[in-house]
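Down below is the structure, laid out as structure tokens.
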Protein chains: 2
Amino acid sequence: MNRFAEMHCSIAQAAGVVAEPWSPLILRDLYLGLRRFDDLARDLGISRNLLAQRLGRLTAAGVVEKVVYQERPVRHEYHLTEAGRDIVPALMTLMAWGDRWATPPGGPPALLVHSCGRPFSPVVTCPHCGGSVDADSVSVLPGPGAAPGPGTWVLAGAQEV
Amino acid sequence: MNRFAEMHCSIAQAAGVVAEPWSPLILRDLYLGLRRFDDLARDLGISRNLLAQRLGRLTAAGVVEKVVYQERPVRHEYHLTEAGRDIVPALMTLMAWGDRWATPPGGPPALLVHSCGRPFSPVVTCPHCGGSVDADSVSVLPGPGAAPGPGTWVLAGAQEV
DNA sequence: CTCTTAAGTTCAGAATCCGTACTCACTGTG
DNA sequence: CACAGTGAGTACGGATTCTGAACTTAAGAG
């Protein structure tokens, strides 16, 4: 649909889903328990027009599914799919960044509480050593699917980094 | 600038930075070591016009800084700021999601190697218990900055989730 | 001189976005 | 039955934004 989908870059793929205006907020609302078209439109203040289009794209991308909750008249609601629920931690990581660097006046608007019982701010870690992941503790190598193309010349070419 | 900036939601704040078309890819390229305007334009295939505008916004948002690397003629390059480097793990989390759910043909285009020496896929965890964070292991509560407004009615109102 | 490089800016046209108003299929009320 | 109401969208048009190509400015190189 958009040109990002054609790039050989997983960030571009994810961006295709998450980096359209409104999409991350729609996903957040679905995660928080909203399901109905009108509720989403009301909560976000998005035009119904655009909401319908975004939900269509999110559905096509496989992160949202449309479920009939009543026949006669037929009515739908929207749920996150497994892929959709899997993107939630990434949104929380973004939220944590927003809290650190662009806190709205009054402090963080939301608190996350983990199943261990404590409020927390999500941290990105390496599953092998458990150490934290930041810009300096990681190096990026071309993977099996690396192919020269728009958005991937950097990776495909050698690194003078 | 855009309306997201006014929402009392840290996801919206982060989205204002990261969820504009091209912005995540620009940040990725800067992280990978590209610094020059022409290199970015060439790598991404973005119009120079829009690249200039995006770099301007990213600079205004404080994630990118413009550095003079030579006088006569004066030439600039772009670096990630501390806030910019801090958003990198969030991008990696998105990348990992893209790898899981929308792998480009041929496999992942990039591999991440942690400072512990092993290739890894980033995981989001709770800093207190070290347990992993997913959609089911977290509950969301209104925080100190929660205020009813567009994009935050859900949080401000009670949860029937 | 003329050519090249870096870093943009300007412009017209195409593609999106977004708000308002409308539709469609029913349901419940009198 | 007629009529207002609700949920889930479409239709339409003006306002933005994006694209691609050409132009600019300020050097240094041949």
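Residue numbering restarts at 1 for every chain, and letters A, B, ... go by the order of the sequence lines. Atom set for the values below is all heavy atoms of this structure, side chains included, hydrogens, waters and symmetry mates excluded.
- Residue A/F37 contributes atom CZ, which lies 9 Å from atom C1' of D/dG7 at whole-angstrom precision.
- In this structure, A/L51 places its CG atom 16 Å from C1' of C/dT20, rounding to the nearest Å.
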Nucleotide N/O of nucleotides 18-21 of chain D paired with protein N/O under 3.5 Å:
residue: D/dC18; atom: OP1; partner: B/R54; partner atom: NH2; Å: 2.9
residue: D/dT19; atom: OP1; partner: A/R3; partner atom: NH1; Å: 3.1
residue: D/dT19; atom: OP2; partner: B/W22; partner atom: NE1; Å: 3.4
residue: D/dT19; atom: O4; partner: B/N49; partner atom: ND2; Å: 3.0
residue: D/dG20; atom: O6; partner: B/N49; partner atom: ND2; Å: 3.0

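- Every residue two or more places apart in sequence or in another chain that forms a salt bridge (charged side-chain N to carboxylate O under 4.0 Å, His left out) with B/D39 is listed here: B/R42.
- In this entry the distance linking CZ of A/R36 with C1' of D/dT6 reads 10 Å, nearest Å.
- D/dA27 atom P lies 9 Å from atom CZ of B/R75, rounded to whole Å.
- Between B/Y31 and B/R85 there is no side-chain heavy-atom pair separated by less than 4.5 Å.
- The side chain to side chain contact (heavy atoms under 4.5 Å, CB included) search around A/S139 returns B/V113, not counting sequence neighbours.
- An OP1 or OP2 oxygen of D/dG9 is reached within less than 4.0 angstrom by a side-chain nitrogen or oxygen of A/K66.
- In the hydrophobic clustering (ILVMFWY side chains linked at under 4.5 Å, chained through shared members), B/V67 stands by itself.
- What separates CD1 of A/I26 from P of C/dC17 is a distance of 12 Å, to the nearest Å.
- Rounded to an integer number of Å, the gap from CZ of B/R42 to C1' of C/dA7 is 12 Å.
- Distance CG (B/D38) to C1' (C/dT5): 8 Å, rounded to an integer number of Å.
- Residues that satisfy the salt bridge (charged side-chain N to carboxylate O under 4.0 Å, His left out) test with B/R75, not counting sequence neighbours, are absent from this structure.
- Residue A/Y78 places at least one side-chain N or O under 4.0 Å from the OP1 or OP2 atom of D/dG9.
- In this structure, A/D39 places its CG atom 8 Å from P of D/dG7, rounding to the nearest Å.
- Pairs of residues two or more places apart, or lying in two chains, that qualify as ring pair (Phe, Tyr, Trp, His ring centres under 6.0 Å) and include a residue from residues 109-140 of chain A are A/H114-A/F120.
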